[in-house]
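For this chain, numbers begin at 1 and follow the sequence in order.
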Amino acid sequence: MNGENRTREFYILAAFFILFVLFLYGPLSAILILSFQGPNGGLTFPLNGVSLHWFFNLFETQAVGDFGGSFKRSLTLGMMVMIVTVVVSLLAGLAFRRRFVGATVLFYLAIASLVVPSIIVSLGIGVMFQQSGIAPAWFTSAFGAQLTWSLPFGVLIMFAVFNRFSPSYEEAARDLGASSWQAFRYVVLPMIAPSLIGVALFGFTLSYDEFARTLLTAGTYNTLPLEIMAMTTNVTTPVLYALGTVTTVFSFAVIGIALGLIRYLSRSRAKG
C-alpha cells in the first residue's frame, strides 16, 4: 500500500484528541495511584509506602461518611431508573411509529428537560414535595428527578432505532401467521435488544453518578455522589481516593458487561 501524507488538520485533531484523553484520564490516574498509599500516607504525592490499607478501610466503620449505605442507595436507585427508562422508552418508540394528534408537542415536552438546568429541576421538585407535605426521599423525589434526565436520552435512542427499522419484517411474520404479539416477541424484540441494552446502560449510569438533580431531592439519606461530595470537606485520608477507584472500576465493569451482552446478542442473531 502506498503511504498517504497526513494533512495538517489530521495532526491538529490528533493533538486535540491526545489532550482530551489526558484531561479525562489524568485525574483518574492520580486518584488511582493515591488510593494505594501506605497506612501513614496522605492526600498528596509522594506516596508514603504502597498498600491496600485504604481499600480495606472502606469496609470498616467510618467516623465520617456512610460508604456502604450510600452505595446501596445509588445501586438500587440506578436499577429503578434503568428499568423505568427501558420500559417507557420502548413504549414511546413503538407509539411514535404511527402519527397521532399532538405527537410533535408531546415529543418536545418529553425532551424539554434536557435544556432545563439540572439544579432548577432539583429545586422545583424539592419545593413541590415540601409544599405537598411529602418529605423528599431518594426513592421518590430523587427517583422522579433522575427520570427527567434519563428518559429523554432513552426516548431519543429508541426513536433513532425505530426510524431505521423496516416494518417489512413484521409484515412477513404476520403473513406467516404470527400475531402482533408474536411478531414483536420473536422478530422485533431480538433485533432491537442491543439498543435496549444501550438504553439500560444510559439509564443506570446517568442515575448512578447524577449529582445536581439529586442534590435537593434526596432527602435525609445521601446517594453515593452526594456522599462523596460531602466527604471532600471532612475526610483527610486516602480512603476517599480508594472509594473513587472502586466506583470507577465498578462503572467500567458495568460498561464491559453491557458491551459483552450486546456482542453476545449480535452473534446469536447472526447465527439465527
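- Nearest heavy atoms, Tyr241 versus Ile31: O-CG2, 3.6 Å.
- The number of heavy atoms from other shown groups lying within 6.0 Å of CE (Met229) does not exceed 12.
- A pairwise comparison of heavy atoms in Ser150 and Leu206 identifies CA-CD1, 4.0 Å as the closest pair.
- For the 3.5 Å distance criterion, the side chains of Thr223 and Thr214 fail to qualify, holding no donor opposite an acceptor.
- Here the side chains of Val188 and Phe162 are in contact, with some heavy-atom distance below 4.5 Å.
- Checked against the 6.0 Å centroid criterion, the rings of Phe159 and Phe96 qualify as a close aromatic pair.
- Contact annotation: the side chain of Val254 never approaches that of Tyr208 to less than 4.5 Å [non-hydrogen atoms, C-beta and beyond].
- A donor-acceptor contact closer than 3.5 angstrom links the side chains of Thr245 and Ser35.
- In this structure, Thr205 OG1 and Glu210 CD are separated by 10.5 Å, a value rounded to the nearest 0.5 Å.
- For Arg174, the CZ atom sits in a packed shell: over 12 heavy atoms of surrounding residues, nucleotides or ligands are nearer than 6.0 Å.
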Worksheet item: Where do Phe204 and Val81 land on the side-chain contact (heavy atoms from CB on, under 4.5 Å) test, with the steps shown first?
Response: CA-CA 6 Å; Phe204 180 82; Val81 171; over 6 Å; no
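- Here Phe55 and Phe36 bring their ring centres to under 6.0 angstrom of each other.
- A distance-only check finds no donor-acceptor pair linking the side chain of Thr148 to the backbone of Ser113 [under 3.5 Å].
- Side-chain atoms of Thr217 do not come within 3.5 Å of backbone N or O of Ser122 as any donor-acceptor pair.
- Closest of all the heavy-atom pairs between Leu243 and Ile228 is CD2-CG1, 3.7 Å.
- In this structure, the side chain of Ser132 does not engage the main chain of Ile134 through any donor-acceptor pair within 3.5 Å.
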